[in-house]
Amino acid sequence: MVTRSPPLDWSQSEVDFWLGELPPGAMAVRARKFSCRSFFILNPDEVLRHRVESFCAKWRGCGVSLHD
C-alpha cells in the first residue's frame with residue numbers, strides 16, 4: 001500500500017520535506033552515485049559546516065553534494 005504519491009524528483013522533495021521538519025540550520029548531504037542516500041547534520045557549528053562543505057566539494061565527482 002502506497003501512502004503518498006512521489007513527485008517527479010522524489011528524493012529531492014523528500015529531503016526538502018525533512019529539512020523543513022528539522023531545526024533551523026540543519027544540513028543535508030546527498031550521495032547519488034550508486035543509490036540515493038541522504039545524510040542530515042543537525043545543529044552544525046561553523047567548523048562542522050565548513051568541513052561538510054569541503055567534504056561535498058572533494059567527493060562531488062562521486063555524486064556527493066550539499067542539498068540546497
Side-chain angles (χ1 to χ4, degrees):
M1 179 174 143
V2 176
T3 59
R4 62 179 174 231
S5 301
L8 288 175
D9 187 357
W10 184 82
S11 58
Q12 183 162 342
S13 296
E14 186 78 3
V15 173
D16 286 337
F17 170 80
W18 284 111
L19 280 175
E21 296 293 310
L22 296 172
M27 303 174 76
V29 175
R30 296 183 66 200
R32 300 181 306 265
K33 185 76 169 190
F34 300 106
S35 67
C36 191
R37 298 185 187 271
S38 298
F39 302 89
F40 295 91
I41 297 93
L42 305 180
N43 303 317
D45 60 12
E46 287 304 313
V47 173
L48 184 55
R49 184 172 292 280
H50 178 71
R51 290 181 68 189
V52 169
E53 291 168 353
S54 296
F55 175 85
C56 290
K58 179 179 179 178
W59 292 97
R60 181 169 308 199
C62 293
V64 175
S65 63
L66 187 60
H67 182 77
D68 45 16

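Numbers here are sequence positions counted from 1.
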* Which atoms form the tightest heavy-atom contact between Ala26 and Leu42, and what is the distance? ->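 Scanning both residues, the minimum pair turns out to be CB-CD2, 3.9 Å.
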* Search all heavy atoms of Leu19 against all heavy atoms of Met27 and return the closest pair with its distance. => CD2-C, 4.1 Å
Contact check, side chains of [X] and [Y], non-hydrogen atoms, under 4.5 Å:
| X | Y | value |
| --- | --- | --- |
| Arg30 | Gln12 | yes |
| Lys33 | Val64 | no |
| Phe40 | Val29 | no |

* Asked: Who pairs with Glu21 by side chain to side chain contact (heavy atoms under 4.5 Å, CB included), at least two apart in sequence or on another chain?
  -> Phe17, Trp18
* To do: For residues 36-65, pull every pair meeting side-chain hydrogen bond (donor to acceptor under 3.5 Å, both in side chains), keeping only residues two or more places apart or in separate chains.
  =>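 Listed once each, the pairs are Arg32-Ser65, Ser35-Arg37.
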* With rounding to the nearest 0.5 Å, note down the distance linking CZ in Phe55 to CD1 in Ile41. =>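 Phe55 atom CZ to Ile41 atom CD1 measures 9.0 Å (nearest 0.5 Å).
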